[in-house]
Protein chains: 2
Amino acid sequence: MPTLDHTSALRGAGLRVTAPRLATMDVVAEHPHGDAEVIAQAVRERLGTVSRQAVYDVLNALSDAELLRRVSVGGRSMQYELHRHDNHHHLVCRRCGRLEDIACAIGEAPCLTPHDDHGFEIELAEVVYRGVCSDCRASSADSAEPLGAPPALAALAPTAPSAPDSP
Amino acid sequence: MPTLDHTSALRGAGLRVTAPRLATMDVVAEHPHGDAEVIAQAVRERLGTVSRQAVYDVLNALSDAELLRRVSVGGRSMQYELHRHDNHHHLVCRRCGRLEDIACAIGEAPCLTPHDDHGFEIELAEVVYRGVCSDCRASSADSAEPLGAPPALAALAPTAPSAPDSP
DNA sequence: CCATCTATCTGGACTTATTCAAGATAATCG
DNA sequence: CGATTATCTTGAATAAGTCCAGATAGATGG
């Protein structure tokens, strides 16, 4: 029951401890990478009625306090995960939109030294790996659209190098 | 006058050559990384009245034909650039939202071999470098919000490691 | 050059994601 | 306990993008 952890985390961040906030942190801890809508649904299942505005407000407050981290991999909506201050990267399935955490590839900051930084002071590099997850590959042998895939993510994939459908 | 190039590019892609399309390609060529709204404005400056739907339709058609590439770096809207099939990456200023192209850092695919691919078949890695551009650094010495910065982009920056203001 | 066919545009309503505004509620401090 | 003030509620607004039905205009064939 990690609710007590969340209580102290909120207190430590100087935020008030309220039921919607605790429920939100629980939900994000249990279902990482949900968007505001999904989180709102899950929070309502625990607390009854929670307004959309309250959910957004909580998500923004917790993100500002760096208790949550906003993730945006190209879809219309943002997704949330517990902030672990480890600057990990993300793996996105272009079929089902599944999003997984992934450790940085080479050492600590593989991509922090581009050829030409254009005068920018670079602070961090975010890497998004795009591909097809094992589930989708397994079920893609015959069917083209097996899951309720967010169409936006498919539209984002710039160039698919290999043929997605087998002969 | 690159309009003729665009004409042949459209013809080569099997698309009809229309004024909105030519204007859109001109606009994107001259102002890379504009969003649909900006592009629509610029197109209207050239052609008079062009509907929102026409702009989206053109952008989608040209993106599908791989004459344009959609870029999404975390803001609400998508941005467009000419498709050069080079899989370059992007540099985003968290102050003003400026977006610049950047060549891949190390060799060809520095980040394509993560520690654990979670069973994914990884097709490509997109890298977004976040930082502060030279203009914003120059003007940030005293003022905190110097430019009309898109607030969404600032909200995206997960963790600012070093102090943004100089000593 | 004209007819025709179909890809493209127009205008308006609609969806989704997120935010704004004003007032009610309740968490924390003294 | 009472005051303060952050936080929630309701309801409407904004922004980005899409859908639909119908009008228009490229690209051929004759």
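Labels below follow one simple rule: chain letters A, B, ... track the order of the sequence lines, proteins then strands, and each chain is numbered from 1.
Atom CZ of B/R70 is separated from atom C1' of D/dA16 by 13 Å (rounded to the nearest Å). Rounded to an integer number of Å, the gap from B/Y80 OH to D/dG17 C1' is 9 Å. Protein atom CG of A/N60 is 9 Å distant from nucleotide atom P of C/dC20, rounded to whole Å. Taking atom CD of B/Q79 as the reference point, atom P of D/dA16 lies 11 Å away to the nearest angstrom.
Relative to the side chain of A/R21, the nucleotides D/dG17, D/dT10, D/dT7 differ in distance, and D/dT7 lies closest. Here the nucleotide nearest the side chain of B/Q53, chosen from C/dG12, C/dC9, C/dA17, is C/dG12. When distances are taken from the side chain of A/S51 to each of D/dG17, D/dT10, C/dT18, the shortest belongs to D/dT10. Of the listed nucleotides (C/dC9, D/dA12, D/dC8), C/dC9 has the atom at the smallest distance from the side chain of B/D57. Distances from the side chain of B/A54 to the nucleotides D/dT18, C/dT10, D/dG17 place C/dT10 closest. Considering only side-chain atoms of A/V50, the nucleotide from C/dT19, D/dT9, C/dT18 that sits closest is D/dT9. Of the candidate nucleotides D/dG17, C/dT19, D/dC19, D/dG17 has the atom nearest to the side chain of B/M78.
Using a 4.0 Å cut-off between charged side-chain N and carboxylate O, A/R94 and B/E123 make a salt bridge. Salt bridge absent: B/D35 and B/R76 never bring a charged side-chain N and a carboxylate O closer than 4.0 Å. The pair A/R46-A/E30 meets the salt-bridge criterion, with a side-chain N (NZ, NE, NH1 or NH2) lying under 4.0 Å from an Asp/Glu carboxylate O.
The closest side-chain donor-acceptor pair between A/E126 and A/H88, if any, does not fall under 3.5 angstrom. In this model, no donor atom of one side chain and acceptor atom of the other lie less than 3.5 Å apart for A/H89 and A/E100.
At a threshold of 4.0 angstrom between heavy atoms, the contacts of B/A61 with the nucleic acid are absent.
No side-chain donor-acceptor contact under 3.5 Å links A/H118 to the backbone of A/F120.
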B/S/- contact track for nucleotides 25-30 of chain D, protein heavy atom under 4.0 Å: -BS---
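Between A/H31 and A/H33, the ring center distance fails the sub-6.0 Å criterion.
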